[in-house]
Amino acid sequence: MPEISRRTIIQAAAAAPALSLAAALPAAASAAPLTISADGITLAAESDGSIVIRDTADRIRLTHFMIKDSVLGQQRTFGGVPSLVTVDGQQAIQVDYVMSASAQAVTVRGIFTVAARRAKLRWEVSGSATLTPTGYMFARSVLAPTAPERYVPATRWTRDPRGGVPYEVNDGALYQETWSDTQAYFRLAETTVGFTNATWIHAPAAADGATEAELVLGAMRPAAANALGAGKPLSVDVWSDQPFGLYDSGAQMTLKAQVVNGAAVQRPVTLTWWARDFDGRKTCGGTLTRTLAPGAVWDEAFTVRGAPQGIVFTEVTAVSGSDEAFARTNLATLKSHAYQAEGRFGIANYTWMLVPGKAAVGQLLRKIGVKSVRIAYDGAPGLSPAELDALGIPHNVQLGGVIFNGAPAQIAAWADEKSAIARASGARCFEVANELNQPWMSGQKAAEYVRDGLKPIYDRLNGSGIKLMNCGLGGMDVNWTANFHKAGGWPMIDVFAFHPGRGNFTPDYAPPPSEWQQGENGTYWNFLGALREARRTVDLHGGGKELWLTEAYACTRPNRWWNDNHRQAAENVLLTLALAVSEGVDGVNWYQPHDSTIHHPQEADPDNPEYHFGLTNRDTSVKAALLAFATATRTLEGAAFLRWMTFADPDVKGLLFDTFAIVWTRKDGYILNADHGPGQWYPHKEAWADTWPTKTQITLAAQGASVRVVDCIGRETSIPVKGGKARLTLDGAPRIYYGLR
């Protein structure tokens with residue numbers, strides 16, 4: 001067959017009428033499918049234009065392509081004429097598709113090529129000036145899979161040339177197909193998973209008007225498939241088979257790594273790895289070298305020593321020539337603990353990212369002392385009420401959609417629906433809407449909220465046993481609360497709820513409301529000052545109302561001065577929950593169990609703070625903050641707060657409870673990352689780096705032979721007691737002390 005260049009074919013297609021296009025192309029073979037092959041993959045074009053992808057067995061059939069046009073609407077292909085052509089010196093399969101009678105002006109052509117373990121799929125569309133490339137899709141049929149298709153967002157680790165901590169960025173999207181002996185991955189630069197269904201994969205066109213996807217075939221992890229599909233010369237992935245990378249106390253932990261050579265030639269690859277503890281000590285590591293063929297995958301597993309309780313931060317780097325790739329994950333150990341039946345600490349939004357599965361997520365919640373879930377009802381994301389009941393975890397609902405100034409029938413229908421959901425869910429509390437006090441401190445819509453939202457729900461649920469909460473306020477909005485009380489809302493609620501957001505201030509920073517500054521980075525977003533004002537408000541208005549923080553935070557958005565680094569977050573989780581108990585809070589729901597958002601689960605967005613509120617990372621490995629949450633719940637559960645401690649040095653701070661004390665200093669001030677510049681960017685320190693330069697030694701009265709010290713992530717040490725005194729070394733990190741008097 002004579003060689004036909006891609007440029008010649010495209011020019012011929014543009015000049016030929018749609019119905020006579022096949023006449024300008026080589027005739028398709030009738031006796032057998034046309035095939036092209038590379039190592040580990042074969043594409044076979046059948047006479048109707050379908051493409052069968054196989055290795056040792058038929059795996060996937062590509063059948064149709066769908067266009068979207070603002071005039072013609074959605075139009076799909078009906079078969080096609082396959083042929084063998086040459087594209088950039090490589091044999092390829094071309095399919096000239098047949099369109100319906102109503103779309104004869106549109107030309108759709110498929111070009112399919114192969115390389116080791118992967119195929120490049122390209123669909124070119126032309127002939128209409130009103131095409132909508134964002135709506136294109138292709139149809140696939142997966143042959144005898146052993147598991148449902150799975151959408152996997154692809155990410156990669158990167159370093160900012162200015163410094164700071166590494167972080168993940170989005171790097172495409174994958175649809176994973178699974179058989180008992182292998183996998184396949186459709187890799188696209190972008191897709192909207194909500195548009196994809198059992199027949200069609202959403203595959204928008206690029207700027208040139210063509211849709212491209214890669215199909216990677218082989219037993220490998222998604223990160224390796226993404227690298228091969230994207231043509232990256234080298235990639236590395238790290239993980240643990242233990243859910244959340246969380247092990248029992250003292251366990252030997254396993255770090256797994258997978259390297260793939262995406263280059264077109266065989267070459268040596270050097271793999272270097274390390275693990276560091278919370279103090280920055282390198283606990284283990286090493287270097288290995290292996291020669292990899294094109295597309296080859298290299299798997300390794302490393303043993304990491306586990307502490308009685310603690311966290312290790314790991315990194316694996318692969319290097320070949322000038323190519324380098326790296327990845328990180330965390331491993332941790334957590335002691336077992338028998339929690340009491342009741343507790344005040346919970347999770348807010350959401351338990352919806354059920355990776356690696358519902359059972360694992362449920363057990364994690366129990367293991368860290370979650371005694372409340374803010375949102376649970378049948379049909380909601382996450383664990384259902386029945387599943388939470390089986391775990392012994394009480395649950396609430398938060399439902400919104402208040403129809404301000406709506407017709408009476410509309411408001412009644414809304415209230416009927418939401419009240420029915422709350423009753424059916426078995427909720428203890430119903431938080432009626434969320435953060436409706438915007439703009440903050442404006443006082444707007446408080447009266448309308450009471451009239452159109454709270455009162456209709458109150459009328460339906462009063463006496464039901466379900467406690468009513470106001471919409472959780474964004475910050476302690478004193479102006480909205482005053483208008484809410486004036487409008488008669490206070491007697492209708494059983495619980496006053498608010499969200500004490502916090503910027504680059506320590507949790508014990510407590511300016512009075514008269515000093516709060518508004519704005520995205522204003523002091524309005526402080527914790528203790530807001531909490532004390534909420535406590536004052538509840539006590540002032542009376543009625544025996546409970547006080548709940550239905551969202552509490554320690555955002556770890558990377559390299560932003562307004563947000564915590566991972567070490568600061570862990571310290572601030574412990575202090576936040578301790579301060580909440582000191583102010584008599586009845587419930588705290590931490591926002592949220594994992595990084596990412598409900599609409600983009602397990603994607604990455606380093607610039608969006610909403611992605612970084614979790615107790616686990618995007619890959620679901622635990623943050624130091626998760627250990628701090630567990631340390632706080634175990635320490636504070638059932639504890640009785642006695643008083644703030646006083647010291648000769650006013651910069652030394654302490655909370656005294658019935659069996660322990662939490663002590664720290666503010667020698668380095670209440671402002672975190674205070675040396676930041678005018679922009680948002682700030683080079684965060686690594687999680688194992690101490691952020692407190694000033695160390696202060698004090699001597700306190702103590703009893704027994706030693707004082708037991710527990711840091712924010714639950715690691716224990718001791719201080720000897722001599723002559724009834726113990727010498728403590730303090731800084732800005734809160735620590736728990738047993739044995740002081």
Side-chain angles (χ1 to χ4, degrees), residues 1-16 21-29 32-47 49-55 60 62 65 80-97 107-126 138 172 184-189 203 205-218 225-235 260-267 292-296 320-323:
M1 185 185 74
E3 177 173 304
I4 300 177
S5 72
R6 183 173 169 186
R7 180 180 299 274
T8 301
I9 292 174
I10 294 174
Q11 290 173 341
L21 180 61
L25 301 168
L34 305 177
T35 62
I36 55 175
S37 298
D39 182 25
I41 190 168
T42 295
L43 270 58
E46 298 182 332
S47 59
S50 296
I51 302 293
V52 177
I53 301 166
R54 62 170 67 112
D55 50 9
I60 296 169
L62 304 176
F65 192 80
V81 179
S83 58
L84 289 176
V85 297
T86 299
V87 175
D88 298 329
Q90 179 183 2
Q91 194 173 57
I93 292 175
Q94 175 178 296
V95 177
D96 293 285
Y97 291 100
T107 297
V108 179
R109 169 172 293 152
I111 305 290
F112 308 97
T113 58
V114 292
R117 298 176 180 82
R118 60 192 187 272
K120 183 175 182 179
L121 319 174
R122 178 180 171 91
W123 290 271
E124 300 169 345
V125 182
S126 61
F138 66 86
Y185 300 86
F186 288 104
R187 194 266 178 191
L188 298 101
D208 64 355
T211 286
E212 288 192 349
E214 301 283 338
L215 190 284
V216 178
L217 185 58
N226 185 66
L228 284 175
K232 297 184 183 303
L234 198 62
S235 81
V260 62
N261 174 25
V265 297
Q266 176 176 291
R267 57 183 182 159
L292 299 182
S320 184
S322 61
D323 297 323

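It should be emphasised that the depicted structure is a prediction, and the values quoted were computed from it without experimental measurement. Quick note: numbers below take in every heavy atom, side chains included, and nothing from hydrogens, waters or symmetry partners. Sequence positions, counted from 1, serve as the residue numbers for this chain.
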> Measure across I111 and A92 and return the closest heavy-atom pair with its distance rounded to 0.1 Å.
CG2-CB, 4.4 Å
> Measure across D55 and G40 and return the closest heavy-atom pair with its distance rounded to 0.1 Å.
CB-O, 3.5 Å
> How long is the span from the CD atom in E124 to the CG atom in D96, to the nearest 0.5 Å?
10.0 Å
> So which heavy atom on A38 is nearest to which on A116, and how close?
CB-N, 3.9 Å
> For the atom pair CZ (R117) and CD1 (I41), what is the distance rounded to the nearest 0.5 Å?
10.5 Å
> Nearest 0.5 Å, please: how far is CD1 in I51 from CZ in F112?
5.0 Å
> Main chain of A203, side chain of T211: is a donor-acceptor contact present, judged purely on distance under 3.5 Å?
yes
> May I ask you to test the R54-V52 pair for a side-chain heavy-atom distance under 4.5 Å?
yes
> Using a 3.5 Å distance criterion without hydrogens, assess whether the side chain of Q90 forms a donor-acceptor pair with backbone atoms of V114.
yes
> Test R267 against L234 for side chain to side chain contact (heavy atoms under 4.5 Å, CB included), laying out the working first.
CA-CA 11 Å; R267 57 183 182 159; L234 198 62; 3.9 Å; yes
> Working to the nearest 0.5 angstrom, can you tell me the gap between I36 CD1 and L84 CG?
7.5 Å
> Taking all non-hydrogen atoms of both residues, which atom of G295 and which atom of V260 are closest, and how far apart?
O-CG2, 4.1 Å
> Side chains of V95 and F65, heavy atoms from C-beta outward: is any pair under 4.5 Å?
no
> How far apart are the closest heavy atoms of G80 and P82, and which atoms are they?
O-CD, 3.6 Å
> Kindly compute the distance separating CG (L217) from OH (Y185), expressed to the nearest 0.5 Å.
10.5 Å
> What are the two closest heavy atoms between L228 and G262, and how far apart are they?
CD2-CA, 3.9 Å
> So F138 and W123, would you call those rings parallel, tilted or perpendicular, with 30° and 60° as cut-offs?
parallel
> Rounded to the nearest 0.5 Å, how far apart are CG of L215 and CG of L62?
7.0 Å
> Keeping the roles fixed (side chain from N261, backbone from A293), state whether a donor-acceptor pair exists under 3.5 Å.
yes
